[in-house]
Structure formats: structure tokens, C-alpha cells
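Report on one structure; see the data block that follows.
Every heavy atom of this structure was used, including side-chain atoms; hydrogens, water molecules and symmetry mates were not. A note on names: the letters A, B, ... follow the listed sequences, proteins ahead of strands, and every chain is numbered from 1.
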Amino acid sequence: MELKMKKYLDLAFCYLLFKWSLMVAAIFWVLVYKLSQTQAQLPEFVYVNF
Amino acid sequence: MNASLLDLRFIGLMALIGLLRFLIPQRFYVLFGVVASGSLLGWAAPSTFFTITAVTLLFIYPIHRLMVLARNRGASARVKSALLALGIVGLVALLVIFKAYRHFTLPWMEGPLISQQLLALVGFSYFIFRAVSFLHIQSILKIDERNPLTLLFYTLFPPTISAGPIQKFQDFRQQVAAPLPISSSLISSAAYRIVRGYFRKLVLAYILNELVQKLLLIEQPLIYTSLLTIVLLYLYFYFDFAGYSDIAIGFGLLLGIKVPENFRKPFLATTVSEFWRNWHITLVDWFRDNVFIPLGGMQSSRLRAAVLACLVMVLCGAWHGLAVGFLAWGAWHGVILAIEALSGSKPIPPALRSGPKYWSHVLWTNARVAFPCLFFLPNSDAMLRVLHGFLRWN
């Protein structure tokens, strides 16, 4: 039972770690790599203009 | 510095306020909130800060106190209604000036009637929504708010100032009396919402926007290109605004306030009415509480409810901008809602949400919602090109 729980927790933790890493890495990629290379401006949120 | 959730200095200072508030005793929370929000906005967007503060303290608060006085002294219903009407008409007039007269000029005047700078206020229409909601709800729930700082904190609350979500005053007031205490789960929930919000905006919406821009450059699109443009545009609007809402909710949590959700899996709706209960929820709730219900939408015949639903959507379109495209968008949704109200169409119950019938309803609902996203394109040439694409097979 304990082993099962530990396995489940490990899997949940791995999934969480994967999700966070993916999001942070992707944000970093757009901000630092993509936007600085193309010198593009990030458009403002659409609804801010309403 | 701009009062924008994309400005690093603005979001850095907002996070700092969120962390500093843990050092402040609870009884000083509102005072701290007003000073901190005022300083932040006064620095980032001074004209917005001064306008919102002036309207709140010199117009909304006095009207509220007069209404409380009228209530306590047993004034007639006519007096109370007149005060409420005065407050709401005044606020709506401000919104109309803000929306309609942005570029208003008179032949004998050299420039715009109202300076561009004054009309370039951050989130002014959302401020008006909050203010109208406050005046309306305090008259129904008989709220007696003596502290003008609570009202000012409500109107200046930095995470939601630029585009909502539109929190109800009674909910905000209850929460400022006992803001969320610091805990690891609060910090992790806030961090998760903020990171997810930036991921949606900076990655997903950014990529979708790039793709849409590329597709719009095609001179003679084919049917599948037009379909793809609409789908990507629809997803872009979702990730852009849901991302913004996530960030606002995350920073709201850091500041101790649970801001209401704006999206609840709208793509799984089986009717357009259900879609609107799950997309931009706080704005739809605002229109329901402050326009639809006061005009008798809940207790009237099906026909009247249908006409009112149509009117509300046209108004909602007009709020997006006084342009033919936005009005057409509002009318499109209004007509669909009216048809659904007249035909008594109901969403598929949760227990039956599987199988081809369910998914065909989902697809049909999304198709009807995605198509009018075209009306949001900034120029009509692009819109017409995409529409022509539907007539071209190869």
C-alpha cells in the first residue's frame, strides 16, 4: 500500500515537474530567444484595448 | 512603466506589494491596499489613477451615501430610484464619452474635444462596469459602506484594473475584511496561475498570432486556409484572454483576494447559451445582473427574453467598439441566443456527455462561435479575403 502510494506520488510529482519545466522553458524561449532575435514587439492583451 | 500585466516593473512591484502585505496587521489591510495600489497606479498610469480616484470619491461614494441616507430616512421609492438612475446614467455617460468621443473633433476646434491623453485610460470601461455593479447591488442588498477607502481599493485593485475579471463589490468587501492568509498552498496556487497565464499568453497566443498573421497575408486563400484562419483566431482569443485572467487571478491571490474565474471549459459547451455561461463569465454575469434582469428578462415571456438576449449581445458588441464589425458580431450572437431561447434549446445533461451526438453538438456550437471571430480582424480587406476563401476549393 505504502509502496503504491509512493509510486503514485512520484508519478504525480514527475508530471508536475514536467509541466512546470515545459511552461517555464517555453516562456523563456519566447522572451529571450524568439523576441530578441526578431526584435518583435509582444502584442498587448486583446481585451485591454476594450 | 505601464499599468500592464506585460510590464516587468509593474508586475514586479505588484508581486512586492503581495509579499509586503503579509507584514501588515489585518486591520490596516485596506489602508495598505489603497496606498500601495494608488502609488503603483499613480506611477504607472497617473491619468488613470487620478480619474478613477476622482470619480470614485467625488461621484460614486457621495451617491452611495445619499442612497443610504434616503433608505435610512424612509424616502419614497421614486427618490431612491432617481438617485440610482443619476449614478448609473452619469457612469454610462462617462463610458460613452470614453468609447465614442475618443477621436471626436468639432470643425471650429483644432484638436479632439477631449484630450487623447485623458481618454487613453487603462481599463476605464472595466472600472465603469465595477462602479455600475456597485451602485446597483448596494441598492438591492442595502449595503452601507462607510469607509470610502474600501470602495477606492475595489476600484483601483491592480491585478484586475486593466481588463477584469469583474468582481462583485459584496464579494470583494467580504474578502478585504479577512484576506487570504499566507501559506505554501496559497503561494504555489498563485505561482501556478501566473506561470500558466504567461505560458498561455507568451507562448500559445504568441505562436497563434504569428500563424494568423501569416495566413492573413495569403492573397487568394482556399477553403481550408480560411477554415484554419478562423480556428486559429478563435484559439488565439481564448489563450490571450484566459492567459490574462490566469495572471490576474494569480496576482489577486498574492494580494489576498480570490478573484472570480472568467473561463470554465467553454469549448465543451453544447449550445451557444451554455458557451456564454463559460466564456468571459464575469462580463456575461454583469450584463445579466445589470441589463437583462432589470429589463425583466427572467420573469417575462420567451419572446421578450429572446429579444432582450439579442439586445444584450448587440450592446456587448457595441461595447467592444462602435464599428460595423463589432455590431455584426453582437447581432450574430444575439440572433443565435434568441433562436435558442425561443426554441427552448437546452444543453446536453452531464450524464449524456459522450458519444457522437454530444461531440457533434460541441462541434456545431464551436463553429457558430468561431466564425464571427472574423469580425474582430482589424481591417475589412482581410476579413473579406478570408470570406472569399470559403468559395474557393482549389
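Proximity to chain A is limited to the side chain of B/Ile207, based on heavy atoms less than 4.5 angstrom apart. For B/Ala205, no part lies under 4.5 angstrom from a heavy atom of chain A. Interface remark: B/Ile247 contributes side-chain atoms only to the contact with chain A (heavy atom separation under 4.5 Å). For a residue to count as touching a neighbouring chain, one of its non-hydrogen atoms must lie under 4.5 Å from one of that chain's; by this rule B/Tyr236 touches chain A with the side chain only. Proximity to chain A (any heavy atom under 4.5 Å) is restricted, for B/Phe241, to the side chain, taken from C-beta onward. Both the backbone and the side chain of B/Asp240 come within contact range of chain A, judged by heavy atoms closer than 4.5 Å.
The side chain to side chain contact (heavy atoms under 4.5 Å, CB included) test with A/Met23 singles out one residue from B/Leu202, B/Val195, B/Val203, and that residue is B/Val195.
With sequence neighbours left out, B/Phe199 forms a ring-ring contact (aromatic ring centres under 6.0 Å, His included) with no residue at all. Remark: B/Asp246 engages B/Arg193, B/Arg196, B/Arg200 in a salt bridge (charged side-chain N to carboxylate O under 4.0 Å, His left out) (not counting sequence neighbours).
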